[in-house]
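Here the structure is a predicted model, which means the values were calculated and not measured.
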Amino acid sequence: MLLNYLKTKYGQELEEGWAAFEIGNIAKAEEHFRAIIQNEDNPQNSANCCIEAHAGLGATNLKHRDLFEANRWYMEAYYLLDQLYHGTWPSRLEWKKLEDRGALRTLIGLAHLAYVRKDHIRARSLYNRLLKLDHRDELGVRRFLDSLDSGIPFEQLEFF
């Protein structure tokens, strides 16, 4: 399954979607993520690709400050992850494992969304969960927790 994730046109769409997102071309990122989701039933499209595409649309909507849609896409990604893991999430996640990236992106997206909604209790809970799952803190979650503790707004940390 991981081989399909890397070698299909959907894997390429995913890479291009995240690359577009990272350089700030949100419209292009949305286009790539939607192309994956529109073909969810294609056997060449992996569950991991679909999960990341849902998280990607969550991220693009969060960037637009459309919190309702961001929540919708992140929660769909979370639901798909729950199905993939059969309700039992792994005890460790690593960024270097491509199959873990969807879970990491979904959890940090939900945490950022909670922060933007000023639900700091939920944000802190999700950030702590991420730290427990990603013991190397490859996403830099500790700085978001430190920011919550010190009261420094995240926008100064440029998480978007």
Side-chain angles (χ1 to χ4, degrees), residues 1-90 92-119 122-123 125-127 129-130 133-134 138-141 143-144 153-155 157-160:
M1 181 156 75
L2 182 57
L3 189 57
N4 287 338
Y5 181 65
L6 295 172
K7 301 291 182 187
T8 68
K9 69 179 181 178
Y10 303 107
Q12 183 67 31
E13 287 277 0
L14 188 63
E15 286 178 21
E16 291 177 15
W18 284 114
F21 183 81
E22 288 174 11
I23 64 169
N25 191 343
I26 305 306
K28 191 68 167 171
E30 287 174 343
E31 183 181 313
H32 288 292
F33 297 140
R34 287 188 192 285
I36 295 167
I37 291 172
Q38 288 172 350
N39 293 286
E40 278 182 312
D41 295 333
N42 188 318
Q44 292 180 342
N45 197 352
S46 72
N48 286 316
C49 238
C50 292
I51 290 164
E52 275 206 68
H54 279 80
L57 287 173
T60 60
N61 280 286
L62 188 55
K63 191 78 163 170
H64 291 309
R65 299 289 195 195
D66 185 343
L67 304 185
F68 178 82
E69 283 296 307
N71 185 62
R72 173 186 158 222
W73 288 109
Y74 280 130
M75 290 308 294
E76 285 183 19
Y78 191 91
Y79 172 78
L80 292 171
L81 283 161
D82 237 12
Q83 285 186 318
L84 182 69
Y85 297 142
H86 304 288
T88 306
W89 283 54
R92 292 279 185 221
L93 295 171
E94 297 180 32
W95 186 256
K96 68 181 177 183
K97 292 182 182 176
L98 294 177
E99 64 269 20
D100 288 353
R101 288 187 181 181
L104 291 167
R105 283 184 165 130
T106 299
L107 290 173
I108 201 162
L110 284 168
H112 289 338
L113 179 61
Y115 174 80
V116 169
R117 288 181 158 175
K118 301 194 183 316
D119 185 352
R122 178 161 167 73
S125 172
L126 287 161
Y127 289 132
R129 181 176 177 191
L130 267 165
L133 291 169
D134 176 18
E138 294 171 300
L139 299 178
V141 170
R143 71 186 171 133
F144 297 117
F154 282 11
E155 287 75 14
L157 296 175
E158 298 181 21
F159 79 95
F160 289 117

query = A77 and A55: which non-hydrogen atoms are nearest, and at how many Å?
reply = CB-N, 4.0 Å
ask   = So do the side chains of H32 and L14 get within less than 4.5 Å of each other, counting heavy atoms only?
value = no
inquiry  = Could you work out, with salt bridge (Lys or Arg N to Asp or Glu O under 4.0 Å) as the rule, every residue matching R92, not counting sequence neighbours?
reply    = none
Any donor-acceptor N/O pair, N39 side chain to N42 backbone, under 3.5 Å = no
remark   = Here the pair of heavy atoms bringing T8 nearest to Q44 is CG2-O, 3.1 Å
key: Sub-4.5 Å side-chain heavy-atom contact between Y85 and P90   = yes
Gap separating the CD1 atom of I37 from the CD atom of E13, nearest 0.5 angstrom = 11.5 Å
message = In terms of relative ring orientation, are F144 and H112 parallel, tilted or perpendicular, with 30° and 60° separating the classes?
response = perpendicular
message = Is there a side-chain contact between L84 and N48 in this structure, where contact means two heavy atoms from C-beta onward sitting under 4.5 Å apart?
response = yes
inquiry  = Using a 6.0 Å distance limit plus a 45 degree cone around the ring axis, check whether R129 lies over the aromatic ring of W89.
reply    = yes
inquiry  = Between E76 and R72 (salt bridge meaning N to carboxylate O under 4.0 Å), is one present in this structure?
reply    = yes
ask   = Counting only N and O atoms by type, is there a donor-acceptor contact under 3.5 Å from the side chain of N45 to the main-chain atoms of D41?
value = no
task = Drop me the distance from F33's CZ to I26's CD1, to the nearest 0.5 angstrom.
result = 8.5 Å
message = How long is the straight-line distance from CD of Q38 back to SG of C50, given to the nearest 0.5 Å?
response = 11.5 Å
key: Sole candidate of D119, L110, L113, V141 that passes side-chain contact (heavy atoms from CB on, under 4.5 Å) when paired with L126   = L110
query = Nearest 0.5 Å, what's the CE-CG distance between M75 and L81?
reply = 11.0 Å
request  = Among residues two or more places apart or on two chains, list those pairs meeting ring-ring contact (aromatic ring centres under 6.0 Å, His included) that have a residue in residues 54-75.
outcome  = H54-W73
note = Rounded to the nearest 0.5 angstrom, the CD-CG distance for E138 and L93 is 10.0 Å
message = If I take atom CG from residue L139 and atom CG from residue L104, how far apart are they, to the nearest 0.5 angstrom?
response = 5.0 Å
key: Shortest non-hydrogen contact from A70 toward G58   = CB-O, 3.5 Å
key: Residues in side chain to side chain donor-acceptor pair (under 3.5 Å) contact with Y79, at least two apart in sequence or another chain   = Q83
message = Could you report the tightest heavy-atom contact between A114 and A123, atom names first, then the distance?
response = CB-N, 3.6 Å
ask   = Does the D66 side chain pair with the main chain of N61, one donor and one acceptor, at a distance under 3.5 Å?
value = no
message = If you apply the rule side-chain contact (heavy atoms from CB on, under 4.5 Å), what do you find for W18 with E52, and how did you get there?
response = CA-CA 9 Å; W18 284 114; E52 275 206 68; 3.1 Å; yes
